[in-house]
A.B. asks: 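Shown below is the structure under consideration.
Every heavy atom of this structure was used, including side-chain atoms; hydrogens, water molecules and symmetry mates were not. Lettering follows sequence order; numbering is per chain, from 1.
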Number of protein chains: 2
Amino acid sequence: MRDRSKLSERQRGILRFMETYLETQGFPPTIREIGEATGINSTSVVNYNLNKLVDAGFLERASSKSRGIRLVTTTGKSLPKQVVASNNIVRVPLVGQIVASAPVAVPDDVGYYFDEDDLIDVSVWLLGGADPSEVFALRVKGDSMIDAMIGDGDIVIFRKQNYAENGDMVAVWLDERGETTLKRFFHENDRIRLQPEHPTMKPIYVDPAHCHVQGRVLSVIRHIG
Amino acid sequence: MRDRSKLSERQRGILRFMETYLETQGFPPTIREIGEATGINSTSVVNYNLNKLVDAGFLERASSKSRGIRLVTTTGKSLPKQVVASNNIVRVPLVGQIVASAPVAVPDDVGYYFDEDDLIDVSVWLLGGADPSEVFALRVKGDSMIDAMIGDGDIVIFRKQNYAENGDMVAVWLDERGETTLKRFFHENDRIRLQPEHPTMKPIYVDPAHCHVQGRVLSVIRHIG
DNA sequence: ATTGTAACCGAACATTCATTCTATTGTCAA
DNA sequence: TTGACAATAGAATGAATGTTCGGTTACAAT
């Protein structure tokens, strides 16, 4: 159940189209629109595959209602009440983990590859206006970021970029230390000051040539309970 | 623009119905369904008022498409691209601020009063299975929670409750100190140990009679960007 | 009184749309 | 080979649905 790899190529295409259509239109597509988008020439075949997707638990349908198709959440729960289908939600790829001893590995096609199930829904206001296609998320491993008020298991949302403005909170790779860290970024004369978020911690200073910005922090999400 | 009080009662009703319909169905209603729900006997009148709501900036319509109505988000931006109408989102009331020197004031009807604009959309996975009707959010004011890795401006999501289990992260009001704080909760013999999240900080011990749990922390959201 | 206008109703109309039925193709096992 | 079955195509059907138009009411301005 809920394993996309068990689906046919067409069914995966339908799911993909459903997601992007909902993203761009705010309401579900008709079976005809699905057919055109996925190269299916018959409405009955779309209908057939939609029902397959319902059986597989990926969709729900309201029978005899136009556009009566909805995506079932990845949480597995059939359908929670009190749930809102609002359209200020962005689906962000959770591409991996921050490990202090390795640079952040960010695929080039962030935001355009939607086959993974590792997508998290976040409110647009957490993106601060950034283009959702260049946003990605990482899960923090370990307590090395604790001076930035970021702990083990936290999810950090980044905008992918290799530069930074003064005061930006960024993930930087430090050649000298051989690790990635999260700090506030300040360009000072010929060096760069990296200021921890915690007021009692001291800043560190590095050579611009040996520090590589990997992304700017937009938001932090911590789930506890 | 975007002032509900300027709308007619019918138009407000249409907006309300749009929201609840989307919440429960996952796709927009037809004009006929809107009419039945709001006591309008003519589809043309619904159409008329829908266009008014478009003019007022509350809705957008895709002409000639069934159910081609979408709510415009309160962010003011005309229409976010790349936006998803997924249904694992919960709307949580943002009821106020945590002030270290005052108890948290939680209205009794949390979750049932939806006329306010102070609602934030969060993913259900941040609730950890809690009933959305008993969930609320607070914005943290000041740095008094920094040892719990929670900073100024962070949004904390709570489940309203006046008890706690060992190890729970809770907001507690301390009579002796006259402040609310966020700590991990441990019942030890005749006293209660409140353990800061930060490993280098020491716990504090209080008398059970003088500490009042106000809610359990489910998640923390920090927007930086 | 007359005019103009916003809000409303009812009905007719034209599509859009989901459903259903029949038929064809390909695959795999008996 | 034959039979069963999944997947597909095409077309027909009817219900669902958005749009339009003529007419009505209420109210304020002229």
A.B. asks: Look up atom CG in B:L71 and atom CG in B:L15, then write down how far apart they are to the nearest 0.5 Å.
C.D. replies: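 Rounded to the nearest 0.5 Å, the CG-CG separation comes out at 7.0 Å.
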A.B. asks: Could you state the atom-to-atom distance from CD1 of B:I40 to P of C:dG10 in whole Å?
C.D. replies: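 Between P of C:dG10 and CD1 of B:I40: 12 Å.
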A.B. asks: Hey, would you say the B:F27 and A:F27 ring centroids sit under 6.0 Å apart?
C.D. replies: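 No, ring centres 6.0 Å or more apart.
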A.B. asks: Report yes or no: do A:R184 and A:N166 form a side-chain donor-acceptor pair below 3.5 Å?
C.D. replies: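 No donor-acceptor contact under 3.5 Å links the two side chains.
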A.B. asks: Under the salt bridge (Lys or Arg N to Asp or Glu O under 4.0 Å) rule, collect the residues that match up with A:R10, sequence neighbours excluded.
C.D. replies: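 Scan of A:R10 (salt bridge (Lys or Arg N to Asp or Glu O under 4.0 Å), adjacent residues dropped) gives none.
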A.B. asks: Please identify each residue that fulfils side chain to side chain contact (heavy atoms under 4.5 Å, CB included) with B:N41, with sequence neighbours left out.
C.D. replies: none
A.B. asks: Not counting sequence neighbours, which residues clear side-chain hydrogen bond (donor to acceptor under 3.5 Å, both in side chains) with A:D154? List them please.
C.D. replies: A:R222
A.B. asks: What does the B/S/- profile of nucleotides 15-27 of chain C look like, 5' to 3', with a 4.0 Å heavy-atom cutoff to protein?
C.D. replies: -SBBBBB------
A.B. asks: At a heavy-atom distance below 4.0 Å, which nucleotide of DNA chain D is the first touched by chain B, and which is the last?
C.D. replies: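 First and last nucleotides in contact are D:dT17 to D:dC21.
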A.B. asks: For B:N162 and B:R216, which I'm curious about, is there any donor-acceptor pair between the side chains at under 3.5 Å?
C.D. replies: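 No - no donor-acceptor pair under 3.5 Å links their side chains.
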A.B. asks: What residues form a ring-ring contact (aromatic ring centres under 6.0 Å, His included) with B:F17, not counting sequence neighbours?
C.D. replies: B:Y21
A.B. asks: Rounded to whole angstroms, how far apart are OH on B:Y48 and P on C:dT5?
C.D. replies: 12 Å
